[in-house]
There are 2 protein chains.
Amino acid sequence: MNFRRAGEAAFVYVSFPNKVLIIQFDFLRAIRNCKKVTEDGSNSPLGWGSGAMSKTQIKNMEEFAVVSGISRPTLSKYFNDPASVRVSTRARIEAALEQHDYRPNIFAVNQNRKLTKNIGIVVPYLADPFFAEIARNLEERCIQAGYRPTLYSSHGEQKLELEIMDSLRGLRPAGVLFAPLGRASDRSEIEKFCKAVPTVLFDSNLDGIGEAFIGSDNFSFVSQTVEYLTRTGEPPSFFEMKTPANPNANKRRIAYIQMMERLGFEPNVIKVEGQGWAFEEIGRQGALKLLGAGNLPTNAILCSNDRLAIGLLSACYQLGIRVGRDKSASLRVASNDDHPFSRFTCPSLTTAAHDYENVSNKSAETLFQLIEGGGHLPERTETLFPARLVLRDSA
Amino acid sequence: MNFRRAGEAAFVYVSFPNKVLIIQFDFLRAIRNCKKVTEDGSNSPLGWGSGAMSKTQIKNMEEFAVVSGISRPTLSKYFNDPASVRVSTRARIEAALEQHDYRPNIFAVNQNRKLTKNIGIVVPYLADPFFAEIARNLEERCIQAGYRPTLYSSHGEQKLELEIMDSLRGLRPAGVLFAPLGRASDRSEIEKFCKAVPTVLFDSNLDGIGEAFIGSDNFSFVSQTVEYLTRTGEPPSFFEMKTPANPNANKRRIAYIQMMERLGFEPNVIKVEGQGWAFEEIGRQGALKLLGAGNLPTNAILCSNDRLAIGLLSACYQLGIRVGRDKSASLRVASNDDHPFSRFTCPSLTTAAHDYENVSNKSAETLFQLIEGGGHLPERTETLFPARLVLRDSA
DNA sequence: TAGAAAAATTATCGCGCGTAAAATTTATAT
DNA sequence: ATATAAATTTTACGCGCGATAATTTTTCTA
């Protein structure tokens, strides 16, 4: 057998005795050409899985009305809101449901209801575990509250964000939880969207757009990290992207400058090149350039966000710059977000943690109020949750 | 102003002069109690955004038939398949569409069509950027092919995986791209599901279930990493979870043992404790225990997957164990997957890369064939793509 | 220009459920 | 027991579109 280094093309390989698979690998036509060997395809003819032990499969509410002995309009009321029918009839319905496992056709329901139970959840970049975690939290809340959430990611692209809004209109959602891209967003289109669909913005604010905003208090993040760094050592420089994707970055820079001045230090903002959402790589390249030159104005760096810090720490390691708070280290690094991976960086990252839990809970709760209020809140509110400083080894 | 260390509770904070937000922070009742100050809520009365410059908003296909001068059945055909009508009428329809921006009601369409254009994409753990990337790739393919993908994450929980299948049945999807949890999956329930809904499994195989499987060739991964490590230094130990979440892990262990024996070395499998999907933490704790004791049988470790390796590298750093291939290092670490973060570990991680692109492309293409074939393929195929060795600094 | 084939039109039904109004039953209070 | 309110049932219609059959129109071929 022949093993080759990465980058080379052809690769032939034979697998285990039982289930043999031969793959002829050709980067150019890999899909069309890959040969396959099959198993015995024992697939029974199509047929929807039988649910409970019902003899005859119920097709619609009419039939279920017959077998349950409840009229269809009452059943309709029940499925709309189980508490809206008398407890005795509710019991009868639920008893019948255990026998026949009927479920209303979601398409027919959505077509006819004035308001669906759909909720759209839109995040700017799902490959960022931070958003994946928030999204999961929001999903769970929505389901618990009896809604049907659908998850969308803009993946850093305006075009996708627009498509998502387009697709969302068609779903006539009861409400939308929307974390915009930020700088890359088409502001006026989002404004239009928010006027048509009850929307709560989160994570990244667009002034005046949407019925409410829930996010983190960027000043709280930066003030804590700056205060900590200055109190325990030299005041930090601020490390960020030249053209940040997110408005939070601007608020963090402003907060940094404000805090430094308040504490009587000279602010020093380091801006690195780079576009898009590959923050780690941008942070890494920027840091290599910066630290490779060797002229660092301070021995402490505060990164605008953890993903930049992850890249920066990677660069430090590569350059042999020891990071941490012990004497052997020449640089301290702190950051903001408490990214899921920040505890596994080398060294582990001191950072200001988002209050994930409260941001998502409050976002969901606000949306529910909005929906119950008929699509409008008495006033547009902005709710910011403060950060929690997490001390680890990097500073 | 008073700054406090992490963990303490109360935190009062006042923000910028213009948009003042006061947040009284109380971990126990944070949500209910947080006070808010509002902006001028200038929200125009509800109304769906006007699309193109149409005078009257078209409500349904009937009305669009009138304004476009095309009969409704023809329009129906067009929206079902634009190529199914004469080019001249197609032009007329599309001209009218630019004037009136009508779009068929998706619920009515789905209710009446025998087959919807819905596609479900199910991944086991979306907070893993690996799956987020694959999911994005699959989404894009589906959209390009004219389908409507919906993304679901089981988040490592069987209960959620079951709920997703339940919810998916109701959507009557044309097909489903399904990456099961693996060990935690309810095998028989997935089997039932796959008999009712045309499904292509990917990433994690369940023998005989689904119409096809597309994944990576685990033997190819491990054989390359083992071969590389042995050729350039000492043969590696194999580092994995005692009870892996995923069947791929078992195949990798078997491949490791097989390769070692083939090369004439004694296999050495290190199994660390831990349940669930927090692989990094499990890897870290396991490595701290293992390396803290100091009795490492080899100076090379091959991790079952990158997320374990990320935890292991973090432990090495903490313990002051230098990892890499230069002389100053005492340990070499390699792994499998090419996780998006593996290039930012310290040191950067040598790993066998998934062929993301081909796995997702082939998965999507197989599903489309399956759908066009009426829900069944002539035979159940398993397609595995080999890995590509990525040499970085850790080994 | 005739004839056949293709496409579009008209007309009508069905999908599964929401919803409204009127008639009937049931629960609660006097 | 009786009056009253509340819940339920009956009846009927509407939602927006897919699908079909029968007819008419258009287009293609010779």
Side-chain angles (χ1 to χ4, degrees), chain A residues 48 51 56-97 100-118 146 148 169-172 174, chain B residues 48 51 56-97 100-118 146 148 169-172 174:
Chain A
W48 292 82
T56 66
Q57 186 65 358
I58 278 72
K59 300 171 65 174
N60 53 34
M61 206 180 275
E62 192 69 51
E63 290 189 15
F64 185 65
V66 174
V67 299
S68 66
I70 311 280
S71 74
R72 194 171 68 76
T74 302
L75 289 175
S76 179
K77 273 194 75 179
Y78 167 82
F79 285 114
N80 206 330
D81 175 14
S84 67
V85 299
R86 204 188 294 148
V87 281
S88 60
T89 60
R90 176 173 173 176
R92 287 169 59 202
I93 294 172
E94 283 165 356
L97 274 177
H100 301 280
D101 100 311
Y102 156 77
R103 301 176 65 174
N105 180 313
I106 187 67
F107 301 123
V109 170
N110 282 339
Q111 183 183 15
N112 293 307
R113 252 210 269 274
K114 286 165 192 162
L115 212 56
T116 70
K117 289 271 188 182
N118 298 331
R148 299 177 51 95
R169 284 178 207 266
L171 288 182
R172 293 190 4 239
Chain B
W48 292 82
T56 67
Q57 187 62 358
I58 277 73
K59 300 171 64 172
N60 54 34
M61 206 180 275
E62 193 69 51
E63 290 189 16
F64 185 64
V66 174
V67 299
S68 65
I70 310 281
S71 73
R72 192 171 70 78
T74 303
L75 289 175
S76 178
K77 274 194 73 181
Y78 167 82
F79 285 114
N80 208 329
D81 176 12
S84 68
V85 300
R86 202 186 296 148
V87 281
S88 59
T89 61
R90 177 173 172 178
R92 287 169 59 201
I93 293 173
E94 283 166 356
L97 274 177
H100 301 279
D101 98 313
Y102 157 77
R103 303 176 64 172
N105 181 312
I106 186 68
F107 301 123
V109 170
N110 281 339
Q111 182 182 16
N112 293 307
R113 251 210 267 273
K114 286 164 193 163
L115 213 54
T116 71
K117 289 273 187 180
N118 298 332
R148 299 177 51 97
R169 285 178 205 264
L171 288 182
R172 295 194 1 244

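Both backbone and side-chain heavy atoms feed into the values below; hydrogens, waters and symmetry mates do not. Just so it is clear: chains get the letters A, B, ... in the order the sequence lines come, proteins before strands, and each one is counted from 1. These numbers come from a predicted model, not from an experiment.
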Phosphate contact ([N] OP1 or OP2) by [X] side-chain N/O below 4.0 Å:
X        : N      : answer
A/Asn80  : C/dC17 : no
B/Ser76  : D/dG18 : yes
A/Asn110 : C/dC17 : no

Integer-rounded Å distance: [N] [atom2] and [X] [atom1]:
X        : N      : atom1 : atom2 : result
B/Ile93  : C/dA7  : CD1   : C1'   : 12 Å
B/Ile106 : D/dG18 : CD1   : C1'   : 13 Å
A/Leu115 : C/dC17 : CG    : C1'   : 16 Å
A/Asn105 : C/dG18 : CG    : P     : 10 Å
A/Phe79  : C/dG16 : CZ    : P     : 15 Å
A/Glu62  : C/dG14 : CD    : C1'   : 14 Å
B/Tyr78  : C/dA8  : OH    : P     : 13 Å
A/Lys114 : D/dG16 : NZ    : P     : 14 Å

Practice task
Indicate for each nucleotide in nucleotides 8-15 of chain D, in 5' to 3' sequence, whether protein heavy atoms under 4.0 Å reach the base (B), only the sugar-phosphate (S), or nothing (-).
Solution key: SBBBB-BB
Which heavy-atom pair separates [X] from [Y] by the least distance, and what is that distance?
X        : Y        : answer
B/Leu75  : B/Phe64  : CD1-CD2, 3.6 Å
B/Ser71  : B/Ala65  : C-CB, 4.2 Å
B/Ile58  : B/Asn60  : CG2-O, 3.3 Å
B/Tyr78  : B/Ser84  : N-OG, 4.4 Å
B/Lys117 : B/Asn110 : N-OD1, 4.3 Å
B/Arg172 : B/Lys114 : NH2-O, 3.3 Å

Completion exercise
Rounded to 10°, the helix from C/dT1-D/dA30 to C/dT30-D/dA1 deviates from straight, judged by its five-pair end axes, by 10°
Problem - Point-to-point distance, once rounded to the nearest 0.5 Å, from CE of A/Met61 to CD1 of A/Ile70 - result: 12.5 Å
Exercise for the section: Could you tell me the separation between the CZ atom of B/Arg72 and the CD atom of B/Glu62, rounded to the nearest 0.5 Å? Expected result: 5.5 Å
Fill in the blank from the handout: Residues at least two apart in sequence or cross-chain that pass salt bridge (Lys or Arg N to Asp or Glu O under 4.0 Å) with A/Arg103, listed by chain then number, are B/Asp166
